[in-house]
Amino acid sequence: MQITIRKLKESDIAELARIERESFSRPWSEESFRELLTLDYARYLVAAADGEIAGSAGMRVVYGEGDIDNVVVDRKYRGNGIAKALISELIALGESEGIKEFTLEVRVSHAAAIRVYAIAGFTSAGVRPRFYEDPVEDALIMWRRG
Ligand SMILES: CC(C)(COP(=O)(O)OP(=O)(O)OC[C@H]1O[C@@H](n2cnc3c(N)ncnc32)[C@H](O)[C@@H]1OP(=O)(O)O)[C@@H](O)C(=O)NCCC(=O)NCCS
């Protein structure tokens with residue numbers, strides 16, 4: 001399988017919104033993705049597997065830190081290292097802009113995602129109680145400091 005990572009473009013959005021709907025209880029809408037394309041502090045990458053959209057990951061640059069969110073991989077492509085590749089490309093992109101600190105939140109029960117982030121060098125830095133809805137759950141706050 002040939003995996004490529006590149007920046008989000010308008011023509012990716014409908015497919016990404018489908019992957020979101022199938023993956024999250026509170027999915028991002030097509031409008032949310034479209035708005036990203038207009039925000040100068042937002043960076044958004046998509047992964048293509050053999051030319052087909054397979055996943056995405058985003059980052060907001062806030063006060064010189066990279067705040068990573070919305071990491072998602074289409075069900076049929078999971079387990080192929082795509083999330084790992086997306087996070088590592090986002091970090092490389094941030095580092096190329098001089099960003100040294102990255103953070104994210106993840107559901108405390110989400111072992112797969114926590115594993116992906118740990119591999120990328122993130123460590124736990126505390127819990128934000130009842131951060132998530134649908135279902136309500138605490139968030140683990142993770143940081144990666146250069
Ligand atoms: C979490 C998610 C993004 C992982 O994507 P992925 O492309 O399958 O992950 P990768 O293939 O890059 O896996 C990276 C590492 O995590 C491990 N991993 C992935 N899924 C796992 C699972 N279900 N259980 C245990 N470990 C898992 C892999 O084994 C790999 O570790 P390794 O290199 O030591 O083998 C994907 O499952 C997903 O989109 N889930 C739904 C959306 C979501 O919950 N996103 C996270 C929000 S914070």
Side-chain angles (χ1 to χ4, degrees), residues 1-9 11-37 39 41-63 65-96 99-146:
M1 189 186 304
Q2 174 81 24
I3 295 171
T4 50
I5 311 278
R6 56 167 173 75
K7 289 190 177 162
L8 171 71
K9 50 186 190 199
S11 56
D12 301 324
I13 289 177
E15 186 61 2
L16 272 186
R18 176 195 63 78
I19 296 173
E20 281 276 309
R21 284 194 301 275
E22 291 178 5
S23 302
F24 292 114
S25 60
R26 300 239 166 156
W28 279 15
S29 63
E30 292 195 25
E31 288 67 40
S32 322
F33 282 110
R34 221 158 265 128
E35 194 189 346
L36 283 176
L37 293 171
L39 300 174
Y41 56 83
R43 313 281 178 273
Y44 214 91
L45 299 178
V46 301
D50 294 335
E52 199 172 288
I53 302 296
S56 66
M59 178 170 72
R60 285 158 205 266
V61 179
V62 185
Y63 300 122
E65 293 164 359
D67 196 342
I68 293 178
D69 62 12
N70 239 54
V71 181
V72 65
V73 175
D74 193 352
R75 228 174 273 280
K76 72 176 177 187
Y77 289 114
R78 289 180 195 165
N80 289 296
I82 294 176
K84 236 168 31 177
L86 280 163
I87 300 293
S88 110
E89 280 298 312
L90 264 186
I91 289 170
L93 179 64
E95 285 178 341
S96 75
I99 297 169
K100 295 192 173 61
E101 303 199 329
F102 299 85
T103 186
L104 54 82
E105 292 96 20
V106 54
R107 286 181 180 271
V108 290
S109 68
H110 200 342
I114 292 170
R115 171 110 187 99
V116 171
Y117 303 139
I119 290 170
F122 285 82
T123 54
S124 306
V127 167
R128 195 161 283 153
R130 304 175 65 82
F131 181 76
Y132 291 104
E133 296 175 356
D134 262 355
V136 171
E137 188 174 349
D138 296 351
L140 188 64
I141 303 165
M142 302 184 84
W143 279 91
R144 180 186 192 277
R145 295 189 162 99

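Counting convention: from 1, in listed order, for ligands and their atoms alike.
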Worksheet item: Given side chains that start at C-beta, do those of V71 and V116 come closer than 4.5 Å, heavy atoms only?
Response: no
Worksheet, complete the sentence: Quick note on ligand 1: atoms under 4.0 Å from a heavy atom of I82 include exactly 7 (O), 11 (O), 12 (O)
Worksheet item: Which residue supplies the protein heavy atom nearest to atom 30 (C) of ligand 1, what is that atom called, and how far is it?
Response: I119 CD1, 4.0 Å
Item to complete: For atom 38 (C) of ligand 1, find the nearest protein heavy atom and state the residue, atom name and distance (0.1 Å precision).
Response: R78 NE, 3.4 Å
Discussion item. Quick check on contacts: which atoms of ligand 1 are under 4.0 angstrom from a heavy atom of N80?
Written reply: 11 (O)
Response to the item:
For atom 17 (C) of ligand 1, the closest protein heavy atom turns out to be R115 CG, 3.6 Å
Item to complete: Give yes if a backbone or side-chain nitrogen or oxygen of G81 is under 3.5 Å from a nitrogen or oxygen of ligand 1, and no if not.
Response: yes
Discussion item. Test of understanding: given a 4.0 Å heavy-atom threshold, classify the contact between Y132 and ligand 1 as side chain, backbone, both, or neither.
Written reply: neither
Worksheet item: Between D50 (side chain) and M1 (backbone), is there a donor-acceptor pair under 3.5 Å?
Response: no
Discussion item. Considering non-hydrogen atoms of the protein only, which is the closest contact for atom 13 (O) of ligand 1, and what is the distance?
Written reply: V116 CG2, 3.9 Å
Item to complete: Using a 4.5 Å cut-off on heavy atoms from C-beta on, say whether the side chain of R6 contacts that of D12.
Response: yes
Discussion item. Please list, in number order, the atoms of ligand 1 under 4.0 Å from a heavy atom of H110.
Written reply: 1 (C), 43 (C), 44 (O), 46 (C)
Discussion item. Measuring from non-hydrogen atoms of Y77 to any atom of ligand 1, is the shortest distance under 4.0 Å?
Written reply: no
Worksheet item: For R75, does its backbone N or O pair with a side-chain atom of E22 as donor and acceptor, under 3.5 Å?
Response: no
Worksheet entry | Heteroatom distance test (V71, ligand 1): nitrogen or oxygen, under 3.5 angstrom | yes
Response to the item:
If you compare G55, A139, A112 by their heavy atoms, the one closest to atom 25 (C) of ligand 1 turns out to be A112
Practice prompt. May I ask you to check whether S23 has an N/O atom sitting below 3.5 Å from an N/O atom of ligand 1?
Written response: no
Fill in: Side chain to side chain, F122 and I68, heavy atoms closer than 4.5 Å
yes
Fill in: Heavy atom of protein closer than 4.0 angstrom to atom 28 (C) of ligand 1
no
Item to complete: Just jot down the ligand 1 atoms closer than 4.0 angstrom to any heavy atom of K84, in number order.
Response: 12 (O), 14 (C), 33 (O)
Worksheet entry | Sub-4.5 Å side-chain heavy-atom contact between Y77 and I3 | no
Practice prompt. Please tell me if the side chains of S56 and E15 come closer than 4.5 Å, counting only heavy atoms from C-beta onward.
Written response: no
Worksheet entry | G79 neighbourhood, listing ligand 1 atoms whose heavy-atom distance to it stays under 4.0 Å | 6 (P), 8 (O), 11 (O)
Worksheet item: Does the protein put any heavy atom within less than 4.0 Å of atom 33 (O) of ligand 1?
Response: yes
Discussion item. Whether the side chain of R78 engages the backbone of V73 through a donor-acceptor N/O pair (distance < 3.5 Å, no angle test) should be reported.
Written reply: yes
Fill in: Side chain proximity check, N70 to Y44, heavy atoms < 4.5 angstrom
yes
Discussion item. Taking side-chain hydrogen bond (donor to acceptor under 3.5 Å, both in side chains) as the cut-off, I'd like each qualifying pair that reaches into residues 116-132, sequence neighbours left out, listed once.
Written reply: E105-R128
Discussion item. For residues 87-96, which residue pairs pass the side-chain hydrogen bond (donor to acceptor under 3.5 Å, both in side chains) check, not counting sequence neighbours?
Written reply: E95-R144
Worksheet entry | Heavy atom of the protein closest to atom 2 (C) of ligand 1 (residue, atom name, distance) | A83 CB, 4.4 Å
Practice prompt. Assess A111 for proximity to ligand 1: is some non-hydrogen atom of it under 4.0 Å away?
Written response: no
Worksheet item: Which ligand 1 atoms are under 4.0 Å away from a heavy-atom of Y117?
Response: 46 (C), 48 (S)
Practice prompt. Please examine the side chains of D69 and M59, heavy atoms only from C-beta on, and report whether any two atoms are closer than 4.5 Å.
Written response: no
Fill in: Pairwise side-chain contact, L8 with I13, heavy-atom cut-off 4.5 Å (strictly under)
yes
Worksheet item: With respect to atom 39 (O) of ligand 1, which of L86, V73, V106 exhibits the smallest heavy-atom separation?
Response: V73
